[in-house]
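The structure appears below as structure tokens.
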Amino acid sequence: MRIHKYLAHAGLASRRHAETMVEKGGVMVNGSVAKVGQVIESDTAKVSVGGKPVEIDKTLVYYLLNKPRGVVSAVTDPDGRRTVVSLVPGGHRLYPVGRLDYDSEGLMLLTNDGDLAYKMTHPKFEIDKTYHVLVRGVIPLKSIGYLEQGVTIECKKTAPAVVTITEEQPSNTWIDITIHEGRNRMVRKMCEAVGYPVLRLIRTRLGDWELGDIPVGKYRTLKSTEIVLK
């Protein structure tokens, strides 16, 4: 097994982040500095990061979490804020998949399955994500069309999206947006680009999984039969 995949399987980081860790020389294998792309014996190799041993968890777990506002999508937070990991059972080194910013809420996956995390986050797999979004103002169909066709954010045009108006209020509008890209704060930036800033953002779907009736701040454990990517 390649070292970056080993680290991802151990729930330490995504594969891409793991490669960066190896490049910086912070990963040791059997007492020697690991090299990018190095193949190791996953059952016998002694791997450490920052002097701490890292082992693959033999038991894979999967939690679907309804993330509340004011919770960080990370394992730890330097500012001491509450993290998503604190909302699910302990005992495993979990990795948040499909991150949401601090003020956003809704569906997230927490797992120690590095392969699944990779497939859910790498752009080439184009995993759909749906967001229920409240924007300021009564958004016209013309602006919906711009969002669907793609808007330019930071000099790069977004991929086509599926957008529907679900509720019109006197001063605001609820819309559903489905995208497969995962750029930072992307939905917020898309809406701002057409002149309708986001007031509330809730992710309702991640791949084949739906938020359903999971209460805010609670989770449900995925069954093995649900761990299938089409």
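Heavy atoms only: backbone and side chains are in, while hydrogens, waters and symmetry mates are out. All values derive from a computational prediction rather than experimental measurement. Residue indices begin at 1 and follow the sequence shown.
Listed by chain and residue number, Lys223 satisfy the side chain to side chain contact (heavy atoms under 4.5 Å, CB included) test with Thr225 (two or more places apart in sequence, or in another chain). With sequence neighbours left out, His132 forms a ring-ring contact (aromatic ring centres under 6.0 Å, His included) with Trp174. In this structure Tyr63 satisfies the ring-ring contact (aromatic ring centres under 6.0 Å, His included) test together with Tyr219, sequence neighbours excluded. Under the rule for a ring-ring contact (aromatic ring centres under 6.0 Å, His included), His17 has no partner lying at least two apart in sequence or in another chain. Not a single salt bridge (charged side-chain N to carboxylate O under 4.0 Å, His left out) links Arg205 to another residue, sequence neighbours left out.
Among pairs with a residue in residues 189-200, those fulfilling side-chain hydrogen bond (donor to acceptor under 3.5 Å, both in side chains) read Glu105-Arg200, Glu154-Lys189, at least two apart in sequence or across chains.
Heavy atoms of other residues, nucleotides or ligands lying less than 6.0 angstrom from CZ of Arg81 number more than 12. Enclosure of atom CZ in Arg2 is not indicated, since only 12 or fewer non-hydrogen atoms of other residues, nucleotides or ligands lie within 6.0 angstrom. In the displayed structure, Glu23 atom CD is contacted under 6.0 Å by more than 12 heavy atoms of other residues, nucleotides or ligands.
Screening Leu206, Leu65, Val84 for a side chain to side chain contact (heavy atoms under 4.5 Å, CB included) involving Leu109 leaves a single residue, Leu206. A side chain to side chain donor-acceptor pair (under 3.5 Å) with Ser104 is found for one member of Lys67, Arg69, Arg188, Arg185 and no other, namely Arg188.
Of all heavy-atom pairs between Ile3 and Lys35, the closest is CG2-O, 3.6 Å. Here the shortest heavy-atom pairing between Leu107 and Leu100 reads O-CD1, 3.9 Å. Listed here is the closest heavy atom pair of Ser86 and Arg82: OG-CG, 3.3 Å. Looking at every heavy atom in both residues, Ala161 comes nearest to Met190 through CB-CE, 4.3 Å. In terms of heavy atoms, Val49 sits closest to Leu7 at CG2-CD2, 4.0 Å. Minimum heavy-atom separation, Pro89 to Leu94: O-CD1, 4.1 Å.
Between His180 and Ile127, the closest side-chain pair of non-hydrogen atoms is not below 4.5 Å. A heavy-atom distance below 4.5 Å is found between the side chains of Ser73 and Met108. Considering only heavy atoms from C-beta on, His4 stays 4.5 Å or farther from Val27 through its side chain. With a 4.5 Å cut-off on side-chain heavy atoms, Ile179 and Met186 count as touching.
Side-chain N or O atoms of Thr111 include one that pairs as donor or acceptor with a backbone N or O of Val61 at under 3.5 Å. Looking only at distances, no side-chain donor or acceptor of Asp113 sits under 3.5 Å from a matching main-chain atom of Leu60. Looking at Tyr95, its side chain never comes within 3.5 Å of a backbone N or O of Ala74 through a donor-acceptor pair. With hydrogens and angles ignored, the 3.5 Å screen pairs a side-chain donor or acceptor of Glu181 with a backbone N or O of Ala159. Side-chain atoms of Asn66 come within 3.5 Å of backbone N or O of Ile214 as a donor-acceptor pair.
There is no path of hydrophobic side-chain contacts, each under 4.5 Å, that joins Tyr102 to Leu87. Grouping the Ile, Leu, Val, Met, Phe, Trp and Tyr side chains by contacts below 4.5 angstrom, directly or via other members, places Leu134 with Leu211. Cluster annotation: Val36 and Met21 are assigned to the same hydrophobic cluster (Ile/Leu/Val/Met/Phe/Trp/Tyr, side-chain heavy-atom contacts under 4.5 Å, transitive). Hydrophobic clustering of Ile, Leu, Val, Met, Phe, Trp and Tyr side chains at less than 4.5 Å, counting indirect connections, unites Val71 with Val198. Cluster membership check: Leu222 does not share its hydrophobic cluster with Val85, using side-chain heavy-atom separations under 4.5 Å among Ile, Leu, Val, Met, Phe, Trp and Tyr.
The structure places SG of Cys191 at 6.0 Å from CD1 of Ile139, a figure rounded to the nearest 0.5 Å. Leu199 CG to Gln169 CD: the interatomic distance, rounded to the nearest 0.5 Å, is 9.0 Å. Atom CG of Leu147 and atom CD1 of Ile175 lie 6.0 Å apart (nearest 0.5 Å). Annotation: the span from Thr164 atom OG1 to Ile144 atom CD1 amounts to 8.0 Å, rounded to 0.5 Å. In this structure, the separation between CZ on Arg99 and CG on Asn184 is 10.5 Å, given to the nearest 0.5 Å. Here CD of Glu167 is found 10.0 Å from CG of Asn172. Values are rounded to the nearest 0.5 Å.
Salt bridge status for Glu226 with Arg220: present, with a side-chain N to carboxylate O gap under 4.0 Å.
Inspection of the Thr178 and Thr130 side chains reveals an N or O donor paired with an N or O acceptor under 3.5 Å.
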From CA spacing to verdict: side-chain contact (heavy atoms from CB on, under 4.5 Å), Asp176, Val163: CA-CA 6 Å; Asp176 282 351; Val163 186; over 6 Å; no
Steps toward side-chain contact (heavy atoms from CB on, under 4.5 Å) verdict (Val162, Ile177): CA-CA 6 Å; Val162 177; Ile177 302 180; over 6 Å; no
Arg93 and Asn112: CA distance, side-chain angles, deciding distance, side-chain contact (heavy atoms from CB on, under 4.5 Å) verdict: CA-CA 6 Å; Arg93 191 191 293 269; Asn112 56 352; 5.7 Å; no
Test log, rule side-chain contact (heavy atoms from CB on, under 4.5 Å), inputs Ile202 and Tyr131: CA-CA 5 Å; Ile202 308 165; Tyr131 301 84; over 6 Å; no
